[in-house]
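Quick note: residue numbers are just sequence positions, from 1.
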Amino acid sequence: MDDTLESLFAVIEDRKETLPEDSYTASLFTHKKGENAVLEKLGEESTELVLAAKDDDREEIAAESADIVYHLLVLLSMKGMDLEDLEAELESRR
């Protein structure tokens, strides 16, 4: 899982730097709403996760959880943070 998150975060960082026109990730960094676009997506995906959990829909739970993790990583990147910041916080809670 760590490799997956590291690879995904590396792609997010690359999209932030190169801003390819056809990239959803790049569009989040250039959205007219700024970081609010990502914050809104996190809220939307959180609601969808709650509904999927309520319905015991395992496939949707996995899909919505992935959406939340992806948008969270975009937000971390926007804030100049990285996976080490997240890992340090999680480690401090053990």
Between [X] and [Y], what is the shortest heavy-atom contact and its length?
{"X": "His71", "Y": "Leu28", "result": "CD2-CD1, 4.1 Å"}
{"X": "Phe9", "Y": "Met81", "result": "CZ-O, 3.3 Å"}
{"X": "Met78", "Y": "Val38", "result": "CE-CG2, 3.5 Å"}
{"X": "Pro20", "Y": "Ala26", "result": "O-CB, 3.5 Å"}

Does any non-hydrogen side-chain atom of Asp14 lie less than 4.5 Å from one of Thr25?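 With C-beta onward as the side chain, the pair stays apart.
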
Side chain to side chain, Leu76 and Leu86, heavy atoms closer than 4.5 Å: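 Yes, side chains in contact.
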
Walk me through whether Asp67 and Leu49 qualify under side-chain contact (heavy atoms from CB on, under 4.5 Å). CA-CA 9 Å; Asp67 288 345; Leu49 175 60; over 6 Å; no

Candidate pair Glu44 and Thr47, rule side-chain contact (heavy atoms from CB on, under 4.5 Å), full reasoning: CA-CA 5 Å; Glu44 173 190 324; Thr47 299; 6.0 Å; no

Taking atom [atom1] of [X] and atom [atom2] of [Y], what is their separation to the nearest 0.5 Å?
{"X": "Glu45", "Y": "Ser65", "atom1": "CD", "atom2": "OG", "result": "10.0 Å"}
{"X": "Ser77", "Y": "Leu72", "atom1": "OG", "atom2": "CG", "result": "11.0 Å"}
{"X": "Leu75", "Y": "Ile12", "atom1": "CG", "atom2": "CD1", "result": "10.5 Å"}
{"X": "Arg15", "Y": "Thr18", "atom1": "CZ", "atom2": "OG1", "result": "6.0 Å"}
{"X": "Glu6", "Y": "Glu87", "atom1": "CD", "atom2": "CD", "result": "6.5 Å"}

Could you walk me through whether Leu83 and Leu73 pass the side-chain contact (heavy atoms from CB on, under 4.5 Å) check? CA-CA 8 Å; Leu83 288 177; Leu73 294 180; 3.5 Å; yes

Common cluster, Phe29/Val11, ILVMFWY with side-chain heavy-atom separation under 4.5 Å: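 Each belongs to a different hydrophobic cluster.
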
Are Val50 and Tyr70 joined in one hydrophobic group, where the rule is that I, L, V, M, F, W and Y side chains link up if heavy atoms are under 4.5 Å apart?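 No, no single cluster joins them.
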
Any donor and acceptor pair, going by atom type alone, linking the side chain of Ser7 with main-chain N or O of Thr4 inside 3.5 Å?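 Side chain of Ser7 to backbone of Thr4, a donor-acceptor pair under 3.5 Å: no, none is there.
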
Please confirm whether the backbone N or O of Asp85 pairs with a side-chain atom of Asp82, one donor and one acceptor, at under 3.5 Å?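 Side chain of Asp82 to backbone of Asp85, a donor-acceptor pair under 3.5 Å: yes, one is there.
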
